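Structure first, then comments.
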Amino acid sequence: MNAAAQNFNYREIEAKWQRSWEESRIFDAEIAGTKKFFLTVPYPYTSGPLHIGHGRTYTLGDIIARFKRLKGYNLLFPMAFHVTGTPILAIADSIAKGDEGVIERYRDYVSIYEDAARIDAVIKTFDKPEHVADFFAARISEDFKRMGYSIDWRRKFNTTEPMYNRFIEWQFKKLYDKGVIKKGRYPITYSIEEGCAVGEDDIEEGDINKVSIIEHTTIKFKSGDTYLIAATLRPETIFGITNLWINPAATYVKVKVGNELWIVSREAAEKLGYQREGIQVLEEIGVQELLGTEAREPIEGRAIPIFPASFVDGDVGTGVVYSVPATWNAMGKGLEDLRRKEGIEVAPIKIIEIEGYDLPAKEICERMGIASQEDTRLEEATQIIYKDEFYRGVMNEKCGQFAGIKIAAIKDEVKVWLKGRNAADVFYETSRKAVTRSGGKVIVAILQDQWFIDYTPQWWKELGHKLVDQMSFYPEKYKAYMHDIIDWLALRPCARKRGLGTQFPFEKEWIIESLSDSTIYMAMYTIAHLVRQVPVDALDERFFDYVFLGIGDPGNLARKLQIDSDLLIRIKQEFDYWYPNDLRHTAPPHLSNHLVFFLMHHAAIFPEDKWPRAITLNELMIREGRKMSKSKGNVIPLAHVSELYGVDLYRLYCAINADFATVVNWREQDTDALRKRFNALTTVFEESTGAEALPEEEFSHTDRWLLSTFYRRLRDSIGWFEGFRIREAGINMVFNLMNDIRYYEKRASAERRKRIVRNILEDWLIMLSPIVPHICEELWHTSHDTFITLQTLPAVKDSYIDEQVEREEDYLISLVRDIHEILNVARLTPTTIYLYTAELETEHWKWDIFKALKDVPEKDRIKEALKLRRDKSTVEFVQQLQKNNLEYFALNERAVLDRERAYLTKEFGCALRINEEYDPKGKKRFALPLKPAIYVE
RNA sequence: GCGGGGGUGGCCGAGGUGGACGAAGGCGCAGGACUUAAGAUCCUGUUCCGUAGGGAUUCGAGGGUUCAAAUCCCUCCCCCCGCACCA
């Protein structure tokens, strides 16, 4: 069992069988029989190469697919490519513009696949988005083949193909008919310079430091015939206002909003122009002019002063800030500075009661030693105060009708109340200052006519819940989570002005957004290869209505569409046969976006019998304890797996290293360890391929033990596999069985091991083939011309599972362990070992009681035993049974020991005497059933 | 604050429907075999005590239920993720 060197050229084997599978087209799925299984894993986005983290999900998907094949299912596992959306477009634009950063990144990517000499030529073509997409789609499908995935490639497509566009249009028409496609106002991130919406990919560092849209409340402070407009995220603090702040270094302007005049910073005025209609910017207003005046707060009409402050930024909010020194640090500090310099005294107004603080802002500053408004830790201090106040704070009596209520519960109500009094309005701001990759400022603009999918209708949510109830999830916890997500789901923008994809059928200048066009596309897999034979023009609403919903008569329809009616019928049959999607396997980050849309759209469009049946999810993969990301430079491309580790080893690692619910940590050290064990395993296999199996009539006890153990493990593993507990199944079929084999070899011999392994070899290989298909295929072919991939799981040979045989071996194992322990503790080298079983005449009562107590609950055993034999030793005996956890089963100990005399003698290198009279230390009385007394000389 | 997941031996990481759990597996470490040697590989050991199969103490902290708790209940502390929230 020496696994010194790698005994196979794994790369060669991988390539050989992948070629062979492809040539024999064994993964091309055709209608056959009633037991079908349709498995999908999300199609990859083709903006770049995939790495080993992505590979986990696809690999587990393939393992499931291969297992289901072994279970006799007619299996469909298809794949396609996702091209829709803005990222690929943004990449092509950047490359066309000569953006060095992006070009460098893509040089890296391309170098994974191309010779250095070809890289620049390839990059040159990347000025067109379709070239980027096509390049990576082609490489990713090669990667997938090289990973041994059992995909039916005839059905591949990408999401910008005309046939797919037609399909998506159909989907949106169906949704439109249900009344859930709507138009409305919607805030977006926007670049003034570029004059368009910008997303994560367009924004400088947008991928690392996300920019989100924040709704601020603007509060109006009347000042003469104008209003000073202060933006805030904490409208509930209005009750504690003491003054307004403006920055003397900023510029303020008068703006006409409706028939009101507002005063805001120049920057804010510009932003307002993108957020409201009919904004008119009037003249500038001098800061000194403002500082001299007073404004009136909108609740009681108190006059409040306007002070200068350096911390106010004209480019954040409205450039006007209202001051609540009791809770806000900067304000408190600003007032202190003011007092020192100008002698102006402003008393904070306390409006929030919170345990542990009197005036929180002041106290936290004291605690943290913050002295002025310039201190950089003010931000941190504000955060602490905010959390405390928000969750624990209660509005006090100064807050009118809101007194006595927790901030967390009242915040929105205050906002609504203020708006109702025309004291407040809304202003959107980005969560941080951001610029586009070409340097343009990012602001928030409001689209007046954004298209949405409205997920709020009650009928839809009910269908969604019903669907979820009917399906299964693994890990199961996600089922409850999915119900919650369905409840939370509201409006979702479904189209953009920019990007690749399908034109929005109701307004052609909009493009359907990339998550909205990936919801029911699994249906497309069932027919994609045949739809290619249909002219695109024929793919109208009636076509898909017929294929997916059975609406219309095929003969008539074929005539109208001018297509072959047999083909049309065939396409429908294909859909009817494969649909629904029996299992969708993906990762948890998709739950609250893709997966919920997937479920909801199925619920809305398809009848119940076409609803998805199950979702399984695996956690992500990290590397050496850290998240994998391009920016960290710690990704391993999927394309390098074969070369660096070997595909089967990678697959084994994915299968065995962690359960679905656990993050896999890809550690180099662990791959080395696994490689050793994997080599040892394949060596055991290889050494048996040429061996002659043992005939049944020659089976010894040890042979029967191994067979029994093997088939028990096989049976357990199949059960685990069916429940997606692939890790347990894998560990059982690799590690545990290897331990069994090693033990067997010790008990028997290396020669005999080779023969007995031959008896189980084929069943073992079949069971492992979903996980490590290449090596299994290779070994299978040493004695077969068929593909192991197409075998069915052996009916478990239950007849080999023999409890008595296993018990006898357990008995022996525990005896050997006991003897070793004695030798070890007593530091003896034995010349003779004496064993005394409880079968001895003087001890035989123990067996009798043991048997009698078989079904007696533990509590009653002593009582029960005493009924049979009134003696103190009986109590001790029963206690010993408990302590040793001995469970009754019939065993002729003497016969087993006689049979194993040679083994024991060899194991301990000394003479063995069983149940002799000779007993110098009186050990006999310690004998227990199934646990002989031992005396060593 | 809410929702979800965690805290296990030198480290990583299983188990967790209560009992066979000093706790799988791996890494590391120690000893041994092989080797001219190193490496690789294999074997043995790896909480503490013990010259007879035993005992003691362990699974974030503290309580409890039980004949029996890493596993169940309560309280607390800490970590991660999502939400929320943040001029």
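Please read all numbers here as calculations on a predicted model, not as lab measurements.
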So [X], base contact, sugar-phosphate only, or nothing? Heavy-atom distance under 4.0 Å.
| X | result |
| --- | --- |
| A/A933 | base |
| A/P475 | nothing |
| A/Q669 | sugar-phosphate |

Centroid-centroid distance, A/Y836 to A/Y935, less than 6.0 Å: no

Please confirm whether A/F908 and A/Y903 have ring centers closer than 6.0 angstrom. no

In terms of side-chain heavy atoms of [X], which of [options] is nearest?
| X | options | value |
| --- | --- | --- |
| A/A673 | B/rA87, B/rG26, B/rG53 | B/rG26 |
| A/E821 | B/rG53, B/rA52, B/rU41 | B/rG53 |
| A/K676 | B/rA24, B/rU41, B/rA87 | B/rU41 |

Euclidean distance for [atom1], [N] against [M] (whole angstrom):
| N | M | atom1 | result |
| --- | --- | --- | --- |
| B/rC73 | B/rU65 | P | 15 Å |
| B/rU8 | B/rG26 | C1' | 15 Å |
| B/rG10 | B/rC85 | C1' | 41 Å |
| B/rG22 | B/rA56 | C1' | 12 Å |
| B/rU36 | B/rG25 | C1' | 36 Å |
| B/rG63 | B/rA69 | P | 14 Å |
| B/rA40 | B/rC29 | P | 10 Å |
| B/rA38 | B/rC21 | P | 39 Å |

Without decimals, in angstroms, what is the distance between [X] [atom1] and [N] [atom2]?
| X | N | atom1 | atom2 | result |
| --- | --- | --- | --- | --- |
| A/F908 | B/rG53 | CZ | C1' | 11 Å |
| A/I833 | B/rG53 | CD1 | P | 16 Å |
| A/R713 | B/rA24 | CZ | P | 15 Å |
| A/I214 | B/rC85 | CD1 | P | 9 Å |
| A/Y478 | B/rC81 | OH | P | 14 Å |
| A/K415 | B/rA84 | NZ | P | 12 Å |
| A/Y428 | B/rA87 | OH | C1' | 16 Å |
| A/D672 | B/rA40 | CG | P | 10 Å |

Grab the two heavy atoms, one from A/N243 and one from A/I304, that are nearest each other, plus how far apart they are. CA-CB, 4.2 Å

What closest approach, in Å, do A/R727 and A/I656 show between heavy atoms, and which atom pair accounts for it? NE-O, 2.9 Å

Could you check whether any side-chain N or O of [X] sits under 3.5 Å from a backbone N or O of [Y], counting only pairs where one atom can act as donor and the other as acceptor?
| X | Y | answer |
| --- | --- | --- |
| A/Y252 | A/N247 | yes |
| A/D919 | A/G922 | yes |
| A/E893 | A/L930 | yes |
| A/K924 | A/Y918 | no |
| A/D740 | A/T709 | no |

Both A/K931 and A/G319 contact RNA chain B. Taking the nearest nucleotide for each, which residue is further toward the 5' end? A/K931

Assign each of A/S814 and A/D313 the nucleotide of RNA chain B bearing its closest heavy atom; nearer the 5' end lies the nucleotide of A/S814

All side-chain hydrogen bond (donor to acceptor under 3.5 Å, both in side chains) counterparts of A/T671, not counting sequence neighbours: none

Atom pairs, protein N/O to nucleotides 2-6 of chain B N/O, distance under 3.5 Å:
none

Is A/K923 close enough to B/rA52 that one of its side-chain N or O atoms is under 4.0 Å from OP1 or OP2 there? no

Please check if the number of heavy atoms outside A/R266 that lie under 6.0 Å from its CZ is greater than 12. no

Passes ring-ring contact (aromatic ring centres under 6.0 Å, His included), A/F877 versus A/F850? Steps please. CA-CA 9 Å; A/F877 165 68; A/F850 191 33; 7.2 Å; no

Determine all donor-acceptor pairs shorter than 3.5 Å in which one atom belongs to a side chain in residues 615-623 of chain A; sequence neighbours excluded.
unit_1	atom_1	unit_2	atom_2	d
A/T616	OG1	A/H585	ND1	2.7
A/N618	OD1	A/T57	OG1	3.4
A/N618	OD1	A/H585	NE2	2.6
A/N618	ND2	A/T57	OG1	3.3
A/R623	NH1	A/N634	O	3.0

Restricting both atoms to N or O, compile the protein contacts to nucleotides 10-13 of chain B shorter than 3.5 Å, with distance only.
unit_1	atom_1	unit_2	atom_2	d
B/rC12	O2'	A/R667	NH2	3.4

Given Watson-Crick or G-U pairs with both distances under 3.5 Å, what dot-bracket string fits RNA chain B, with | for other-strand pairs and [ ] for crossing? ((((((((.[[[..)...(.....]]]((((((.......))))))(((....)))...[[[[[..)....]]]]])))))))....

Would you please name every residue forming a ring-ring contact (aromatic ring centres under 6.0 Å, His included) with A/W666, sequence neighbours left out? A/Y645, A/Y650, A/Y653

